[in-house]
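Because the structure is predicted, anything quoted here is derived from the model rather than measured. Start at 1 with the first residue, then count along the sequence. Indexing begins at 1, ligand by ligand and atom by atom, following the structure's order.
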Amino acid sequence: MRVIVETNPQAVSRRAAQFVAALVRRRPTCVLGLATGGTPLGMYAELIRLHREEGLDFSRVVSFNLDEYVGLGPNHPQSYRYFMQENLFRHINIDTRNTHVPDGRALDFEAHCAQYEKTIQEEGGIDLQVLGIGSDGHIAFNEPGSSLGSRTRLKTLTAETVRDNARFFGSEEAVPRLAITMGVGTILESRQCLLLATGQAKAQAICDTIEGPVTAQVTASALQLHRDVLAVIDEEAAHLLKRRDYYLEVEQAQARLTAAGRWHD
Ligand code: PGA
């Protein structure tokens with residue numbers, strides 16, 4: 001896993017946006033896997049700026065979101081479809097028909113989840129999956145104990161996740177207990193992953209993910225099995241990592257190769 005430690009959340013957002021933008025420029029028909037939550041907000045703001053000021057073109061981009069709360073429709077202000085519309089889609093020139101978010105009000109969840117997986121395949125698979133991380137080490141809503149081979153399905157949220165997300169709903173009681181989520185196995189099939197984390201509350205989960213053993217108790221640790229993961233995190237999220245000096249040396253070595261034209265970042 002490649003690890004980049006930035007000084008603050010703003011720098012994380014800029015770096016992450018540059019990474020996504022580079023892919024969109026290189027491959028205008030790319031398939032992006034998108035995440036919700038507080039962490040990617042700054043990255044979306046920067047992508048909107050790049051669209052407005054530098055003409056970054058999303059017109060042929062396809063997107064798949066990681067998850068959605070069961071029971072919330074697209075007009076519910078806490079639904080992830082609403083989040084994506086408000087924080088990204090309506091500000092850029094992506095074609096809404098090319099944006100996919102699981103339907104929290106599907107009539108047959110099993111069929112809907114299977115179709116979601118099928119649609120990802122039909123679009124050629126996900127080129128770059130953006131990921132936040134839960135304080136319990138989850139990616140998407142793959143809570144501790146989720147199978148590392150899991151596919152899109154329903155998942156019951158842990159008490160910790162319900163507590164973490166209560167800030168968006170006003171109270172814990174209002175947080176849905178079930179979500180549709182891509183599985184760990186689904187995520188591992190994307191060609192590249194971009195893991196973002198900021199703040200003290202993520203430090204333990206980040207340490208477990210990057211330097212701990214691969215375990216279903218920290219589903220993000222499954223990313224160690226993926227061959228192309230970039231983690232962009234801030235100082236606070238990085239502060240428990242033991243091998244920071246090495247991560248920096250890797251970046252410096254790579255920068256030297258890039259400058260010499262012998263590496264394409
Ligand atoms: P956050 O959520 O970005 O709001 O911290 C991350 C997650 O739960 O995956």
*Identity and distance of the protein heavy atom lying nearest atom 3 (O) of ligand 1*: Thr39 OG1, 2.5 Å
*If you measure only the distance, is there a donor-acceptor pair under 3.5 Å linking the side chains of Thr96 and Thr99?*
no
*When the aromatic ring centroids of Phe83 and Phe168 are compared, is their separation below 6.0 Å?*
no
*Looking only at non-hydrogen atoms, which of Leu157, Ile139, Leu196, Ile133 approaches atom 6 (C) of ligand 1 most closely?*
Ile133
*Verify the distance criterion only: is there a donor paired with an acceptor across the side chains of Gln115 and Thr119 at less than 3.5 Å?*
yes
*To the nearest 0.5 Å, what is the distance between CD (Gln129) and CG (Leu195)?*
11.0 Å
*Distance to 0.1 Å, residue and atom name: give those for the protein heavy atom nearest to atom 9 (O) of ligand 1.*
His138 NE2, 3.4 Å
*State the atoms of ligand 1, each with its element, that fall below the 4.0 Å cut-off from a heavy-atom position in Gly37.*
3 (O), 4 (O)
_I need the contact type for Leu131 against ligand 1. Using non-hydrogen atoms and a strict under-4.0 Å cut-off, is it side chain, backbone, both or neither?_
neither
*At the 4.0 Å heavy-atom cut-off, does Glu160 count as touching ligand 1?*
no
*Counting N and O atoms only, with roles assigned by atom type, does the side chain of Glu46 sit under 3.5 Å from a partner on the main chain of Ser13, one being a donor and the other an acceptor?*
no
*Could you find the nearest protein heavy atom to atom 2 (O) of ligand 1 and give me its residue, atom name and distance?*
Lys202 NZ, 4.2 Å
*With a 6.0 Å cut-off on ring centres, are Phe141 and Tyr69 close enough?*
yes
